[in-house]
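Working notes for the structure below.
Being a predicted model, the structure only gives us computed values, none of them experimental. Chain letters run A, B, ... following the sequence lines, proteins first and then strands; every chain starts at 1.
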Number of protein chains: 2
Amino acid sequence: MIKDQKIPDATIERVALYLRPLEDLIKLGVHVISSDRLAEMCKVNPAQVRKDLSYFGGFGVRGVGYNIHDLIFEIKKILASDREWKLGIAGLDDMGMALLQHKNFFKRGYKFVAAFDSDPKKIGQRLPIGLTIQPIRKIKPMAQDLGIEIGVITTSPLQAQVVADMFFDAGIKAILNFSPIHIRRPDCCLVQNVDFSVTLDQLAYRLSKEV
Amino acid sequence: MIKDQKIPDATIERVALYLRPLEDLIKLGVHVISSDRLAEMCKVNPAQVRKDLSYFGGFGVRGVGYNIHDLIFEIKKILASDREWKLGIAGLDDMGMALLQHKNFFKRGYKFVAAFDSDPKKIGQRLPIGLTIQPIRKIKPMAQDLGIEIGVITTSPLQAQVVADMFFDAGIKAILNFSPIHIRRPDCCLVQNVDFSVTLDQLAYRLSKEV
DNA sequence: ACTTTATTGTGAAATATTGCACATGTATAA
DNA sequence: TTATACATGTGCAATATTTCACAATAAAGT
Ligand SMILES: NC(=O)c1ccc[n+]([C@@H]2O[C@H](COP(=O)([O-])OP(=O)(O)OC[C@H]3O[C@@H](n4cnc5c(N)ncnc54)[C@H](O)[C@@H]3O)[C@@H](O)[C@H]2O)c1
Ligand SMILES: NC(=O)c1ccc[n+]([C@@H]2O[C@H](COP(=O)([O-])OP(=O)(O)OC[C@H]3O[C@@H](n4cnc5c(N)ncnc54)[C@H](O)[C@@H]3O)[C@@H](O)[C@H]2O)c1
């Protein structure tokens with residue numbers, strides 16, 4: 001275990017990535033894996049895998065490898081994804097609905113417990129998942145009642161900051177933002193942006209550099 | 001201009017990010033911006049902004065700042081997003097449909113020119129955007145006819161590799177993958193993954209480290 | 001003209017991250 | 001037992017990235 005050290009963000013991202021192939025392997029009845037093999041599956045350097053994992057403690061066995069079951073357990077503990085997280089979502093058009101309906105989040109412990117929109121035509125609609133769309137003024141009371149921990153924003157970009165502020169005001173400390181704007185936030189709060197256009201721009205750049 | 005140097009991936013990502021506030025400013029009638037102000041808007045270090053931009057040439061004016069119009073033009077040229085890119089998409093359920101309908105991609109030059117699914121109930125469906133859902137065996141001929149450059153994958157994870165291979169086989173050199181698996185690819189091809197669960201895991205981790 | 005103020009562009013220092021290489025430990029087989 | 005093969009954990013060197021700090025330059029004011 002590397003003690004007292006700041007863990008690189010890149011490590012956190014990679015470690016989350018390791019989870020998927022590991023879960024697949026368990027399903028296939030494989031129980032042990034080497035850093036070499038895991039590295040190959042994730043297209044990273046084997047030493048990188050070992051170093052990433054060693055930040056959190058040495059759970060491998062020399063000459064053998066890592067017990068996959070334990071590894072999954074440890075990684076989830078590290079990421080704090082070994083528990084349930086309660087999500088609220090604002091903006092229930094195509095994108096919001098797709099996210100809400102998606103089963104993977106639920107499976108991984110990310111549970112939508114409330115849905116908000118500002119459109120009178122949407123408010124009151126009952127969703128397949130069992131929730132009813134609420135007006136945004138309910139954000140604060142419901143966030144507190146239900147213990148919402150993460151706010152997901154899929155409103156139009158113009159409204160995203162307003163909604164973010166309502167989430168923050170309701171005591172929510174983290175936002176996953178799908179709208180293409182930079183959200184201003186209090187120092188105590190976290191924002192993680194997902195912007196597909198930026199991802200496409202990166203692809204376009206890399207494509208154009210190819211021979 | 002910093003000559004002959006490898007441009008960090010992080011720079012490419014940030015530069016794509018700078019685009020949005022710049023476009024907003026133009027709309028507001030602002031024509032010049034300093035690295036300080038742009039940095040503040042994007043929550044990065046001002047020197048970082050200057051260095052990022054200087055990789056591509058010095059288009060600022062000392063004592064004045066950057067001409068926003070020129071900057072947008074230069075950034076788009078850098079990213080190769082100053083032209084149209086043709087996209088094909090496979091997997092037209094919630095996620096695929098949301099992407100297809102989304103107007104921002106179109107506005108930024110990313111145009112869906114074909115849509116594929118394997119579900120007989122979906123094949124033949126006419127989409128609002130003017131396309132008809134095609135069977136996946138049409139990927140190769142249509143990719144070549146229409147000149148598809150980027151393949152978007154929103155199929156179920158189990159089918160994602162198969163579809164990716166069909167894209168590669170059709171001569172498509174870049175894939176934007178939304179399914180939660182690691183796509184194997186030929187060396188000549190690019191894959192960019194988008195995995196919201198990983199993003200949520202990162203948020204969960206950071207939340208759990210807060211005081 | 002000169003001074004002041006603003007702001008870029010970039011070497012160089014400071015940090016951060018990655019990858020190598022090998023000592024160390026485990027398992028297996030002879 | 002001992003030898004052999006295998007694979008982790010990590011110090012350290014190699015790279016990469018970020019940030020500082022300041023000379024260079026432009027504009028505005030006096
Ligand atoms: N919906 C979300 O919010 C969300 C979020 C994150 C990731 N994803 C991922 O995006 C993908 C799509 O998710 P979804 O929610 O739209 O639902 P989904 O997985 O039900 O949809 C899959 C679609 O792909 C089609 N398909 C299956 N095999 C195919 C093949 N071989 N060729 C072409 N099409 C094929 C199916 O007919 C269906 O239309 C999944 O991999 C999912 O994990 C979805
Ligand atoms: N659809 C996509 O594929 C896609 C892709 C990338 C990004 N996005 C982004 O995700 C967001 C949502 O996109 P969309 O395609 O679902 O369509 P959209 O922008 O049409 O949907 C916006 C939804 O938010 C609701 N809304 C508006 N103001 C609100 C407020 N103040 N409070 C609560 N709800 C409010 C609207 O009623 C509507 O239901 C947008 O910011 C978009 O740029 C979407």
Would you call [X] and [Y] a salt bridge, taking side-chain N to carboxylate O under 4.0 Å as the test?
{"X": "B/D52", "Y": "B/R14", "answer": "yes"}
{"X": "A/E149", "Y": "A/K111", "answer": "no"}
{"X": "A/R20", "Y": "A/E23", "answer": "no"}
{"X": "B/K76", "Y": "A/D201", "answer": "no"}

Of the nucleotides [options], which has the atom closest to the [X] side chain?
{"X": "A/Q48", "options": "D/dT18, C/dG19, C/dG9", "answer": "C/dG19"}
{"X": "A/S54", "options": "D/dT10, D/dT18, C/dC20", "answer": "D/dT10"}
{"X": "B/K51", "options": "D/dT19, C/dC20, D/dA21", "answer": "D/dT19"}

Rounded to whole angstrom units, what separation is found between the [atom1] atom of [X] and the [atom2] atom of [N]?
{"X": "A/D9", "N": "D/dT18", "atom1": "CG", "atom2": "P", "value": "11 Å"}
{"X": "A/I12", "N": "C/dA16", "atom1": "CD1", "atom2": "C1'", "value": "15 Å"}
{"X": "B/Y55", "N": "C/dG11", "atom1": "OH", "atom2": "P", "value": "11 Å"}
{"X": "A/R50", "N": "C/dA23", "atom1": "CZ", "atom2": "P", "value": "15 Å"}
{"X": "B/L53", "N": "C/dT8", "atom1": "CG", "atom2": "C1'", "value": "11 Å"}

- Going by heavy atoms closer than 4.0 Å, what residues in residues 30-43 of chain B are next to DNA chain D?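 Correct list: empty, so none.
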- Between B/F59 and A/R14, just flag the one whose closest nucleotide in DNA chain C comes earlier from the 5' side.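 In this pair, the answer is B/F59.
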- Item | Earlier contact from the 5' end, DNA chain C, for A/V61 and A/N45 |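 Nearest-nucleotide comparison on DNA chain C picks A/N45.
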- Query: Can you check whether B/R62 has a side-chain N or O nearer than 4.0 Å to OP1 or OP2 of D/dA27?
  - Reply: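 Answer is no, no contact under 4.0 Å.
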- Message: When you measure from the side chain of B/D195 to the backbone of B/P180, do you find a donor-acceptor pair of N or O atoms at a distance under 3.5 Å?
- Response: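 No, because the side chain of B/D195 does not come within donor-acceptor range (under 3.5 Å) of the backbone of B/P180.
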- Query: Within a strict 4.5 Å, meaning less than it, do heavy atoms of the B/S118 and B/I136 side chains meet?
  - Reply: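 Of all side-chain heavy-atom pairs linking B/I136 with B/S118, at least one is under 4.5 Å.
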- For the residue pair A/K173 and A/C188, establish whether any side-chain heavy-atom pair is separated by less than 4.5 Å.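 SC-SC contact between A/K173 and A/C188 confirmed.
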- Item | Check: B/F196 ring centre within less than 6.0 Å of A/F178 ring centre |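 Yes - the distance between ring centres of B/F196 and A/F178 falls below the 6.0 Å cut-off.
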- Might you point out which heavy atoms bring B/F167 and B/V152 nearest each other, and give the distance in Å?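 Reported closest heavy-atom pair: CE1-O, 3.9 Å.
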- When you measure from every atom of DNA chain C, which of residues 63-78 of chain B have a heavy atom less than 4.0 Å away?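 B/G63, B/V64, B/G65, B/Y66, in order of number.
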- B/R37 atom CZ: more than 12 heavy-atom contacts under 6.0 Å: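 Not buried by this count: 12 neighbours or fewer within 6.0 Å.
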- Do other residues, nucleotides or ligands put more than 12 heavy atoms under 6.0 Å from B/F106 CZ?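 Counting neighbours around CZ of B/F106, 12 or fewer heavy atoms of other residues, nucleotides or ligands fall under 6.0 Å, so no.
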- Degree of bending in the helix from C/dA1-D/dT30 to C/dA30-D/dT1 once both end axes are built from five pairs, to 10°: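 Between the axes fitted at each end of the helix from C/dA1-D/dT30 to C/dA30-D/dT1 lies an angle of 0°.
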